[in-house]
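Below is one structure, written out as structure tokens, with a few remarks after it.
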Amino acid sequence: GENVEQHPSTLSVQEGDSAVIKCTYSDSASNYFPWYKQELGKRPQLIIDIRSNVGEKKDQRIAVTLNKTAKHFSLHITETQPEDSAVYFCAATNRPLGNKLVFGAGTILRVKS
Amino acid sequence: DAMVIQNPRYQVTQFGKPVTLSCSQTLNHNVMYWYQQKSSQAPKLLFHYYDKDFNNEADTPDNFQSRRPNTSFCFLDIRSPGLGDAAMYLCATSRDAGLAGAKNIQYFGAGTRLSVL
């Protein structure tokens, strides 16, 4: 089955700096890669996603890149703000119909002001 | 307005005493999921319903059961909770139109934090 690895497990950045979180997946059939943000004690919320037919997607300060050949995808946050502090999970679907998400272990992002 | 609602937000039960967690949704999504999330870990899928079809994960203990009486509601039953079952339980929903490559974005509830004494 699919396996998703996520690095780093913790990331501290200064406010205004960029943050990059990387994930690798094992199943070449995976075709959808969402990123979820989970603030302390709250529900995971989708912040950005990308399909396998696209190499990059951007939404304001957040971008995701996908390298299908290398089977890895990354989350990029620019101009970080204290409210970006949270746990970020990457995920991948390993079925064409995409019902099951396989999550990475998560990255704790701390933005220091 | 909350679209995936979980009740209660906090549940305390005794070791071995059955407990039921509930989830309801106003999105009319056909797929509903139950995840277990322990501290500082990723959500772990326990099972999901695709319409009325129940799909259990291979490593989900028999102690965990689920019911989906209708589209809007889904329940998680823990028959004999152990100390190791203390966790946050997340419900999620998605719409699967049966299209290959579709996103099937999952919407999560706020979770129920279960404590086992």
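Throughout, a chain's letter reflects where its sequence line sits, starting with A, and its residues are numbered from 1.
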SG of B:Cys91 to SG of B:Cys74, below 2.5 Å?
-> no
Under 4.5 Å from any heavy atom of chain B, what part of [X] do you find: side chain, backbone, both or neither?
X	answer
A:Pro44	both
A:Tyr36	side chain
A:Gln38	side chain

Residues B:Ile105, A:Asp49; criterion side chain to side chain contact (heavy atoms under 4.5 Å, CB included); working and verdict = CA-CA 9 Å; B:Ile105 296 172; A:Asp49 55 12; 4.0 Å; yes
Carboxylate-amine/guanidinium proximity below 4.0 Å for B:Arg79 and B:Asp62 = no
Report yes or no: do A:Thr93 and A:Asn31 form a side-chain donor-acceptor pair below 3.5 Å?
-> yes
Under 4.5 Å from any heavy atom of chain A - which part of B:Glu57 | side chain
